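The analysis underlying the following values was restricted to heavy atoms, covering all of them including side chains, and did not include hydrogens, waters or symmetry mates. The model shown is predicted, which means the values in this text are computed figures rather than measured ones.
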Amino acid sequence: MPIAQVIVDVPTSQTNTPYSYGISDQLLDIIQVGMRVLVPFGRRQVVGFVVKLTDNQTFSGKLKNIIAPVDLQPVLNKELLQLARWMAADTYSFLISCLQTIIPGGMRTKAKKFLTVTDEAVLGDNADIFQGHAQIEYVAKELDKSQLKRISSLIQQGLVSEHYSLSNHAHQLTQTAIKAAKSEVELTKIQDELPNNAKAQWRLLELLKQGTEPILQTEAANHKITGSTIKLAEQKGWLTKIQVAKNRNPFTSAVTKSQPLTLNPEQANAVQTINASIDRGANQTFLLEGVTGSGKTEVYLQIIANALQQGKTAMLLVPEITLTPQIVGRIRSRFGEQVAMMHSSMSVGERFDEWRRIESGAAKVVVGVRSAVFVPLDNIGVIIMDEEHDSSYKQEENPRYQTRDVAKWRGAYHKCPVVLGSATPSLETRARAGKGVYQRLVLAHRINDQALPEVEIVDMKQEIAGGPDSDLSASLLTAIEMKLKRHEQIILMLNRRGYSSFVLCRNCGFVPKCPNCDISLTYHKDLGQLKCHYCGFTRPMPRKCDQCGSTKLRQLGMGSQKLEETVNRLFPTARVLRMDVDTTRKKGAHERIIKQFSEQQADILVGTQMIAKGLDFPNVTLVGVLNADTGLEFPDFRSSERTFELLTQVAGRAGRADKAGQVIIQTFNPDHYAILLAQTQNYEEFYRTEMKVRHAGKYPPYYFTVKITLSAENEKQVVAQSFAVLNQLQQRLSPNAVILGPTPKVIKRINRRYYYQIIIKYRQEPTLSTTLTELLNQAQQKSKSGIQIGIDNEPMDFM
DNA sequence: AGCACGCCGACT
DNA sequence: GTCGGCGTGCTC
């Protein structure tokens, strides 16, 4: 008698283990490993993943049976199940969270509880619960004591019944098609007997005679056959209606076929080396280090082509904001219909269809963001990660996985090379390439040996005396004016969204703060509101100071909105576009702004980081960075790396075509190495300098790091618990491990909770992972007293 | 996470 | 005496 081992969708440490279920005879040949099932769990029903089928009974109690399968086919194959196990251990998360992360978002589903009333009187007496509906979803959190009591007594009396059902999730879209129900001979006979005026029926019969393939109703419409004719024919028994799968198509435009480009010697060498590795089926990691404009993309395309030729598949991962229609178009123009795309801006239905297309083997090349690393591609020939240093590759919520590590895991599983591409590789990657762990391939030359743009650094300490508009330096103003005259385009970039536009009372110095978080509110002029960027709290912009009642409230700091206004005021004839989190929130807004700017419907593009990366505007000849420093002020060991990266990327944006580019970087730290070396685009020198800093500070890549975050509504409690954790770590870890903290987070309070953290830096700590796992198991008990503990293995920052 | 069981205080 | 508070422990 087979037993199914199921991981239930209850993310706690006590339930982080398989539960055994019996399989009824009807389900015996249906239930498979990797399928989701609905199972009884205590008094309720939950969804779970079947991870094993076995004949050995390990559970001594009485087994319950699986209620029903959630899927008709497994959603996870063997490889992905194994990957989930590894990921759970690596990220210190529950297996169920990893399983849920691996399947596409839209496919996730939960068992929901519903209540049904049949008695009118009961419905009337409990209007507060049922609100006139005979059936409602039961959400315990939304009900008070008296309501819960009444419900349980009604259930006991048999006046209310409960049942479980799955929440909405993406499913296969279908469309109606028709199929002949009679033989060709019979159909011809019917056709002959038709009255002369039954033209539509005649056309329909003609169509039915053509073959055995189902005919889509839309196809029938092309032959001027309406639904009513089909209905009539169905009644007469000529045909049957069936539902066939319909794929949503996320690609909006058709593409023209493109041909491989001629490679320069460096590109050719890279392609050859990686191809050899693909052909051998070698699990090797490459660092493809190429300056902006050195033609990395063409290298990717040619190695993907080789993988396909070998009968294998390929994966190309790109950062969130660079997955633009332009990029996808370029891939599709080379590989056509075999390309599948995975992006968060796609609807859940589109993602579902792309996922099934990959699983069925119809799509052999996948282009996508972080989560695309989990697609069910089989027989992978190469995995490519473009801009491998990009921070969007690390998931900032549980499970906190690093895409690079998952890619490498899959590379090992499929015995294929992993290619990490970047102009500014992460120090971790570059260091491994230096040690020979990865093979380093360098593209030092830009295509056609284009000159790098001229980069000017403006010392804002000198400028500040300059005048009322000290946001824009004299050099930048002159340069903008000149470019406008020549009808060339300009990008003005602000470094970060935070720190912008807070409100200050000029009379008493009061700054409005968020009541839930330890942070100033940000002024949003278009809404006339003050907003907290951490918890979303909003309040109208006050007319008077909360503290002293003065009306002298002034907006301080620099936000992209304010910059847009300043630019509009100083250059009234220029057309200005703004791109930041606020203007790109709506689906497709991002693409629209890029399109407008590339079609030269605007002269100046103002925005935050997101304009820096991957965009290619040939007519942009000036890029201004308004505040290069903001990144450097962050209390974070990666701040120099981030600043260097960003400035290098931006500098690469200027003058990519035939026109010479100009870059102006405004800063208060003109002597900082990250800024000086970005000026000359000297990555290698930056790498050497920064490595010394990391070595001295015992930071990655010399040390591994773990960040433990504790939070609670009561500050004293968090502090006490943090010290308890510290104590435990000190006892268990070797004296070589560096333990920092506990310290309050930079923003100590968010959403009414206090946050403290402990950082561990280490080189070799064999007991670390068991210690941390234990810690998490204890945390389960602690969570009852309101303490939450989170572990981030290799965090992106120490903030 | 839910949901039930179980053990103590304040009420018809 | 019971109702109901929430601390504790289990869910195949």
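Residues satisfying the salt bridge (Lys or Arg N to Asp or Glu O under 4.0 Å) test with E794(A), not counting sequence neighbours, are none. With sequence neighbours excluded, the residues that form a salt bridge (Lys or Arg N to Asp or Glu O under 4.0 Å) with R539(A) are D546(A). Annotation: salt bridge (Lys or Arg N to Asp or Glu O under 4.0 Å) contacts of K52(A) (sequence neighbours excluded): none. Residues forming a salt bridge (Lys or Arg N to Asp or Glu O under 4.0 Å) with R370(A) (at least two apart in sequence, or on another chain): none.
Classified by interplanar angle (parallel below 30°, tilted 30° to 60°, perpendicular above 60°), the ring pair Y762(A)/F704(A) is tilted.
For residues 715-729 of chain A, the pairs satisfying salt bridge (Lys or Arg N to Asp or Glu O under 4.0 Å) are E715(A)-K748(A), with sequence neighbours left out. Applying the salt bridge (Lys or Arg N to Asp or Glu O under 4.0 Å) definition to pairs two or more places apart or across chains, those involving residues 395-404 of chain A are E388(A)-R404(A), E396(A)-R400(A), R400(A)-D792(A).
A straight line from CD of E162(A) to C1' of dA4(B) spans 13 Å, rounded to a whole angstrom. For I67(A) and dC12(C), the CD1 to P distance is 10 Å, given to the nearest whole Å. In this entry the distance linking CD1 of I66(A) with P of dC12(C) reads 13 Å, nearest Å. Straight-line distance from the CG atom of L53(A) to the P atom of dC12(C): 19 Å, rounded to whole Å. Counting to the nearest Å, the C1' atom of dC12(C) and the CD1 atom of I23(A) are 13 Å from each other. Here the C1' atom of nucleotide dC3(B) and the CG atom of L148(A) are 11 Å apart, to the nearest Å. Rounded to a whole Å, the NZ atom of K64(A) is 8 Å from the C1' atom of dC12(C). Rounded to whole angstrom, the span from the NZ atom of K112(A) across to the P atom of dA1(B) amounts to 18 Å.
Note on K113(A): a side-chain N or O is less than 4.0 Å away from OP1 or OP2 of dC3(B).
Lacking a ring centre under 5.5 Å from that of the base six-membered ring together with a plane angle below 30°, Y19(A) does not count as stacked on dC12(C).
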Begin from the C-alpha positions of H389(A) and E428(A) and carry the test side-chain hydrogen bond (donor to acceptor under 3.5 Å, both in side chains) through to its verdict.
-> CA-CA 9 Å; H389(A) 61 274; E428(A) 284 88 339; over 6 Å; no
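Using a 4.0 Å cutoff on non-hydrogen atoms, the parts of residues 38-51 of chain A near DNA chain B are R43(A), R44(A), ordered by number.
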Using a cutoff of under 3.5 Å, can you pull out all pairs of nitrogen or oxygen atoms linking the protein to nucleotides 2-6 of chain C, with atom names and distances?
| from | atom 1 | to | atom 2 | distance (Å) |
| --- | --- | --- | --- | --- |
| dG4(C) | OP1 | K149(A) | NZ | 2.5 |
| dG4(C) | OP2 | K149(A) | NZ | 2.3 |

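Nucleic acid contact class of Y21(A) (heavy atoms, under 4.0 Å, all strands): sugar-phosphate only.
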May I have the list of side-chain donor-acceptor pairs in residues 125-135 of chain A shorter than 3.5 Å, sequence neighbours left out?
| from | atom 1 | to | atom 2 | distance (Å) |
| --- | --- | --- | --- | --- |
| N126(A) | OD1 | R150(A) | NE | 2.9 |
| N126(A) | OD1 | R150(A) | NH2 | 3.4 |
| N126(A) | ND2 | V122(A) | O | 2.9 |
| D128(A) | OD1 | R150(A) | NH2 | 2.6 |
| D128(A) | OD2 | Q147(A) | NE2 | 3.1 |
| D128(A) | OD2 | R150(A) | NH2 | 2.8 |
| Q135(A) | NE2 | T116(A) | OG1 | 3.2 |

